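Since the model is a prediction, treat every value here as computed from it, not as a measurement. Letters A, B, ... are given to chains in the order of the sequence lines, protein chains preceding strands, and every chain is numbered from 1. Heavy-atom basis, side chains included; hydrogens, waters and symmetry copies ignored.
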2 protein chains.
Amino acid sequence: MDTKSQLINTATALFQQKGYKSVGLNEILKACNVTKGALYHHFPNGKEELLIACLHDLNEAITTDIKTIFKENLSIREAIRSMIDKLVHDFESDGTLSGYTFSSMVSEMATVSEPVRNACSALYENIQHIFYEKLVTEGFSSESASEMALLMTASIEGAMMLCRTQKSTDPLKTVAKLIPNLLKSF
Amino acid sequence: MDTKSQLINTATALFQQKGYKSVGLNEILKACNVTKGALYHHFPNGKEELLIACLHDLNEAITTDIKTIFKENLSIREAIRSMIDKLVHDFESDGTLSGYTFSSMVSEMATVSEPVRNACSALYENIQHIFYEKLVTEGFSSESASEMALLMTASIEGAMMLCRTQKSTDPLKTVAKLIPNLLKSF
DNA sequence: GTCTATAGCTCGATAGAC
DNA sequence: GTCTATCGAGCTATAGAC
């Protein structure tokens, strides 16, 4: 793998685990055996540029990931369930919440850097849009679909936060169990 | 107000806005005209001890706040609505999300410091417990009530995250609108 | 209980050789 | 494109006078 991708992959994982400010450049560089000179060659604007690259990368990864799941599962109920199963499985296997979460980046940087806030905003919008489209093909009205997509995104992201504080996957499991009920309520 | 409370109040607001690591001790001290010596007199273990004090303080503030709202509003639907109205109003008036959110503290510190993670965990549990009790008095079964309390907490916290990225209060408003539907679905 | 001064460290970023 | 050496700023924390 080329140096640039290596940096992005390592940094993304570390940022998701510990947050943006908690991870120093030296830690990233050491983890993937790259030197400072190489980093600043690929990212002349330094750490923040690297973060934005990570967010763009994450955007593509998450989008294709969710789309694949949605293609393999006919109903949205099954799709959501297998999506959350994947998050739960990842969390249980490596102990870190790396999946579709970037709350650490959002809450640290959204109030501080506009470019970062925009990248995060685009990411959430993409996720919601995938949910939205699936819901519309299942017969939801445009308005209901966009509201539901928002609620699903929010409750999953919020559940990940609870998982992190509790060191448990129960919150995600509960949300997964309840989402079908929500869909019924429309 | 005494120095200690002053430090806690100022630090809490700044941590909520910018996150834990983004706020330096100097910034806090300057904002409330206190010197380093005074800080380390009240919090010998430094910044992290101050953070934990902020979380405990926030815990009490949020708990009494929500309990008051729940006393004034008979149905849980009205209570949730007026609770979220308050969050929306605060966000729109001062532009920062200071309300019942500490996601920045969670995502930065939960994986790094156990004492902080425990304080955050206790805070989420308290909030959920207040919801839970209200739901039980409204006739929900114990199991349904605790599931719903979790879903409500998660979706509200997730919605705040979306509000921050979008610089808009719409996500919170949408969630407020949908929660009654959720309650119906049980 | 509060002040100043400063230690000691890590950070992100830069310069210049190769 | 990658390396090392280094800068200057900012950080948390400490020491000691008052």
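Regarding B/Leu39, its CG atom lies at a distance of 14 Å from the C1' atom of D/dC11, rounded to whole Å. Rounded to whole angstrom, the span from the CZ atom of B/Phe43 across to the P atom of D/dT12 amounts to 15 Å. At whole-Å resolution of the value, CD in A/Gln6 and C1' in D/dT2 are 13 Å apart. Spacing between atom OH of B/Tyr40 and atom P of D/dC11 amounts to 12 Å, rounded to whole angstrom units.
Taking only side-chain nitrogens and oxygens, A/His41 never comes nearer than 4.0 Å to OP1 or OP2 of D/dC3. Of the side-chain N and O atoms in A/Thr3, one or more sit less than 4.0 angstrom from OP1 or OP2 of D/dT2.
Under a 4.0 Å N-O distance rule, the pair B/Glu92/B/Lys173 qualifies as a salt bridge. The pair B/Glu143-A/Lys177 meets the salt-bridge criterion, with a side-chain N (NZ, NE, NH1 or NH2) lying under 4.0 Å from an Asp/Glu carboxylate O.
Relative to the six-membered ring of B/Phe43, B/Lys4 meets both conditions, a distance below 6.0 Å and an angle of at most 45° to the axis.
A heavy atom lying under 4.0 Å from DNA chain D marks the following residues of residues 19-37 of chain B, by number: B/Val23, B/Gly24, B/Leu25, B/Asn26, B/Lys36. Using a 4.0 Å cut-off on heavy atoms, none of the residues of residues 45-55 of chain B approach DNA chain C.
Out of D/dT2, D/dT14, C/dT14, the shortest distance to the side chain of A/Ala38 is found at D/dT2.
Side-chain atoms of A/Ser107 and B/Ser107 include a donor-acceptor pair closer than 3.5 Å. A donor-acceptor contact under 3.5 angstrom links the side chains of A/Glu157 and A/Tyr124, judged on distance only.
Between the side chain of B/Thr111 and the main chain of A/Gln17, a donor-acceptor pair closer than 3.5 Å is present.
Just one residue in the list B/Asp90, B/Thr153, B/Asp65 forms a side-chain hydrogen bond (donor to acceptor under 3.5 Å, both in side chains) with B/Tyr100, and that residue is B/Asp65.
With hydrophobic clusters built from ILVMFWY side chains whose heavy atoms lie under 4.5 angstrom apart, B/Val136 does not share a cluster with B/Met148.
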